[in-house]
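All values derive from a computational prediction rather than experimental measurement. FYI, side chains are in, hydrogens and waters are out, and symmetry mates aren't considered; it's all heavy atoms of this structure.
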Amino acid sequence: PYLPSQDIKVVPGGIKDVNAVNFPVLLRDDWANRRSDMPGDSMRRIFWALDTRFSQPRVNVRLALTSKVFYSSAKNELLGSLLAYCIRDRIRQELQVASEAGYHIIITISGKRLQVVVSGFRQGIDGILHLITDAIMAPPCAHSPESFEKARGSAMSVFANEQTTSPTKYAESLLDEILEQPYYSNKERLQHVYIVEHADLTNFQKTALGDMSMVGLIHGNCDKADAQRIVDQVLSKLHFESKTDEQETDHNGSSNITIISPPKLEVNTIPVASVPQQTIVKLIVPHPNPKEANNGIINYYQIKAATSLQENEEATAMSMILYSMSHNYAFHELRTVKGLGYIVHARRERRSNVHAYKITIQSQSFSAEECSDAANEFMTVKLNRKVGELNVTSLEAIKDALKETISKPPMTLTDLTDTLWTEIVSENYNFARKAKLAAALDHITLEKFQQFYTLLLEAPLLSIQVKGNSKSPNGQQTPATVVPVSSNSTTILTAETVKTYKEAQGYHYPLPGNPIPMECVAQF
């Protein structure tokens with residue numbers, strides 16, 4: 001039923017300029033005139049964009065169903081992933097048929113969002129969305145205990161893999177744990193996965209679907225009227241009922257969990273910890289696998305939190321310049337010259353409006369502390385000298401290469417969909433991001449960039465050190481040990497003290513979302 005007919009009609013393309021900004025049209029916006037007493041099913045915002053570039057007979061649909069409940073606790077985060085598994089399992093056979101017919105379908109939980117991705121021929125999109133929305137809105141009791149147990153088994157295998165993950169990947173999870181609030185580790189999830197029951201999933205689904213908002217995008221080979229029909233179909237199925245200040249009562253008459261009031265549109269609200277200025281914070285932990293011989297480190301330099309959209313673009317531009325001139329240089333100095341290990345990465349990082357730079361190293365021959373010290377020496381000596389010797393001509397060459405990379409158009413319809421969707425789901429609506437970033441690069445002078453690097457050197461250092469169990473000269477295994485010793489300028493953390501440390505820190509909160517551009521609402 002999902003295969004296209006022979007007489008596929010393709011909406012003709014009209015844009016010749018591949019760098020033209022593609023502004024999606026706002027088809028529905030229930031937040032615009034929202035009142036506090038409006039029910040949860042009114043919280044919907046959906047965009048449509050006609051493909052005028054690739055002229056393919058395909059449509060990409062993206063939906064994000066957002067609920068605070070999904071990420072309100074480690075148990076709820078786990079239950080959200082179990083719910084997504086049960087939804088997929090309920091229609092697994094039909095999804096397999098659609099996949100064999102050339103459709104790409106994803107149903108998953110990420111943070112506060114249940115995300116639905118459907119890509120394929122326009123002819124079959126309606127039927128697939130019908131299946132998925134029916135499965136999402138199925139009565140909580142419709143997910144069988146057998147499906148729940150399969151979901152639980154899948155979660156157990158995923159969370160238990162922390163024992164075998166590489167030291168650098170383990171260090172990444174520890175970095176997330178320190179910086180993000182809230183953060184739920186695999187260890188916390190694993191504690192719940194053994195004790196949650198089918199009844200917990202039933203109650204969770206009732207709560208989550210009573211506290212839901214939705215954003216969506218329809219992009220590809222369909223005109224506005226066709227897109228509106230898809231929207232009407234989806235909205236007729238996804239009818240979220242909010243029961244504010246009510247108690248749900250199950251079929252036995254016993255009191256159930258309270259339904260939470262519908263939230264405001266809050267998609268991108270996870271704050272980032274502010275590492276204290278002019279400090280060194282080290283988290284030193286043994287790898288959970290006693291047989292892991294490698295050490296892994298991440299040196300994280302938190303540069304700044306942008307306080308405006310313009311400042312955010314400028315910091316992004318300077319971070320791009322720094323990455324361009326340093327990532328190969330770091331590999332050469334730390335991997336080739338010093339021979340620290342076979343994994344060496346130097347990268348820029350941005351969490352919302354918080355900009356940082358980080359160096360990742362994995363080594364069996366050098367200790368975690370030696371790797372961290374070598375990375376810091378590279379930043380303060382080698383790269384510092386390279387930035388100081390940079391001239392205007394070299395800087396302009398780097399900027400020109402970056403602008404050329406930025407200006408490259410999306411290669412596929414899905415690439416363009418993902419670009420539009422990122423702006424929508426994050427509430428940034430910065431559909432002209434490439435042009436603005438290119439303009440920001442134009443305004444970066446040599447003096448400004450060197451001042452930026454000076455700020456980086458003065459930035460606080462957060463060093464995540466995962467200690468493997470290296471072999472001593474006599475060939476015996478030497479267990480990793482952690483001896484927390486702090487000084488006035490250095491704080492040493494262990495796995496047990498991270499939570500207390502986080503409670504004492506301040507946080508950088510994301511910038512407020514941008515207003516929807518007038519180009520999107522002109523036809524609304």
Side-chain angles (χ1 to χ4, degrees), residues 162 165-188 271-290 292-303 334 340-341 343 345-346 349 351 354 356-381 456-470 472 477-508:
E162 190 170 90
T165 191
S166 71
T168 49
K169 288 185 177 179
Y170 187 49
E172 283 284 357
S173 68
L174 294 170
L175 180 64
D176 291 340
E177 183 174 357
I178 286 185
L179 294 177
E180 295 180 5
Q181 181 67 23
Y183 176 83
Y184 308 118
S185 66
N186 282 348
K187 184 177 180 180
E188 291 176 283
V272 179
S274 173
V275 184
Q277 292 294 312
Q278 298 180 334
T279 61
I280 298 174
V281 179
K282 296 181 180 181
L283 171 59
I284 307 175
V285 297
H287 193 278
N289 181 5
E292 177 59 63
N294 290 291
N295 302 296
I297 69 102
I298 294 177
N299 274 14
Y300 171 90
Y301 304 85
Q302 191 175 88
I303 308 170
L334 299 175
L340 290 181
I343 295 180
H345 302 303
E349 178 174 286
R351 296 173 187 245
V354 179
Y357 195 78
K358 66 181 183 182
I359 296 179
T360 303
I361 301 173
Q362 182 168 303
S363 175
Q364 186 174 356
S365 304
F366 292 81
S367 70
E369 185 175 5
E370 288 172 325
C371 290
S372 178
D373 290 344
N376 203 40
E377 180 190 21
F378 169 77
M379 294 293 292
T380 56
V381 179
L456 187 150
L457 293 182
E458 296 172 353
L461 167 63
L462 174 55
S463 179
I464 311 295
Q465 301 181 20
V466 177
K467 304 182 71 172
N469 295 287
S470 58
S472 61
Q477 201 75 9
T478 305
T481 57
V482 176
V483 182
V485 179
S486 299
S487 67
N488 291 334
S489 59
T490 303
T491 301
I492 308 295
L493 302 178
T494 64
E496 293 74 24
T497 60
V498 167
K499 184 176 181 180
T500 304
Y501 171 80
K502 288 180 68 174
E503 290 172 350
Q505 301 312 305
Y507 284 86
H508 298 299

Exercise for review: Any chance you could lay out the side chain to side chain donor-acceptor pair (under 3.5 Å) test for Asn294 and Glu292, step after step, and finish with the verdict?
Suggested key: CA-CA 6 Å; Asn294 290 291; Glu292 177 59 63; 3.0 Å; yes
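- Closest approach of Tyr170 and Pro288 over heavy atoms only: CE2-CD, 3.4 Å.
- Between Asn299 atom CG and Ile361 atom CD1 the span is 7.0 Å, to the nearest 0.5 Å.
- Between Pro290 and Asn469, the shortest heavy-atom distance links the atoms O-ND2, 2.9 Å.
- No side-chain heavy atom of Phe366 sits less than 4.5 Å from a side-chain heavy atom of Asn295.
- Listed by first and then second residue, the salt bridge (Lys or Arg N to Asp or Glu O under 4.0 Å) pairs that reach into residues 366-378 are Lys338-Glu377, sequence neighbours excluded.
- At least one side-chain heavy atom of Thr490 sits less than 4.5 Å from a side-chain heavy atom of Lys282.
- In this structure, the side chain of Lys502 does not engage the main chain of Thr497 through any donor-acceptor pair within 3.5 Å.
- For Ser166, the side-chain contact (heavy atoms from CB on, under 4.5 Å) partners are Thr168, Lys169, Gln362, not counting sequence neighbours.
- Evaluation of the side-chain contact (heavy atoms from CB on, under 4.5 Å) rule for Glu180 yields Asp176, Tyr183, Ile270, Arg351 as partners, not counting sequence neighbours.
- Minimum heavy-atom separation, Ala273 to Ile178: CB-O, 3.5 Å.
- Proximity of Leu461 to Tyr300: side-chain heavy atoms (C-beta onward) are nowhere separated by under 4.5 Å.
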Exercise for review: Run the numbers on Leu462 and Thr279 for side chain to side chain contact (heavy atoms under 4.5 Å, CB included), then give the verdict.
Suggested key: CA-CA 8 Å; Leu462 174 55; Thr279 61; over 6 Å; no
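- Shown here for Tyr357 and Ala346, the closest heavy-atom pair between the two residues is OH-CB, 3.5 Å.
- In this structure, Ser372 contributes its side chain and Ala368 its backbone to no donor-acceptor pair below 3.5 Å.
- Scanning both residues, Ser363 and Cys371, for their nearest heavy atoms gives CB-SG, 3.7 Å.
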Point to revise | side chain to side chain contact (heavy atoms under 4.5 Å, CB included) assessment of Ile284 paired with Ile492 | key: CA-CA 7 Å; Ile284 307 175; Ile492 308 295; 4.0 Å; yes
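- Looking at Ser274, its side chain never comes within 3.5 Å of a backbone N or O of Tyr507 through a donor-acceptor pair.
- With sequence neighbours left out, Thr360 forms a side-chain hydrogen bond (donor to acceptor under 3.5 Å, both in side chains) with no residue at all.
- Gln302 is listed as a side-chain neighbour of Val354, based on a closest heavy-atom distance under 4.5 Å.
- In this structure, CG in Leu179 is found 9.5 Å from NE2 in His508, a value given to the nearest 0.5 Å.
- Residue Leu175 holds its CG atom at 5.5 Å from CD1 of Ile464, rounded to the nearest 0.5 Å.
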**Study point:** Worked verdict on Leu283 versus Val281 for side chain to side chain contact (heavy atoms under 4.5 Å, CB included)
**Key:** CA-CA 7 Å; Leu283 171 59; Val281 179; over 6 Å; no
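- Between Ile359 and Ile298 there is no side-chain heavy-atom pair separated by less than 4.5 Å.
- Once rounded to the nearest 0.5 Å, the distance linking CD1 of Ile297 with CD1 of Ile343 reads 11.5 Å.
- Under the rule for a ring pair (Phe, Tyr, Trp, His ring centres under 6.0 Å), the partners of Phe378 that lie at least two apart in sequence or sit in another chain are Tyr329.
- Between Tyr501 and Lys499, the closest side-chain pair of non-hydrogen atoms is not below 4.5 Å.
- Evaluation of the salt bridge (Lys or Arg N to Asp or Glu O under 4.0 Å) rule for Lys358 yields Glu172, Glu349 as partners, not counting sequence neighbours.
- Contact of the Val466 side chain with the Leu174 side chain is registered, since non-hydrogen atoms from C-beta on lie closer than 4.5 Å.
- Residues Val285 and Lys467 fail the side-chain proximity criterion, which asks for heavy atoms closer than 4.5 Å.
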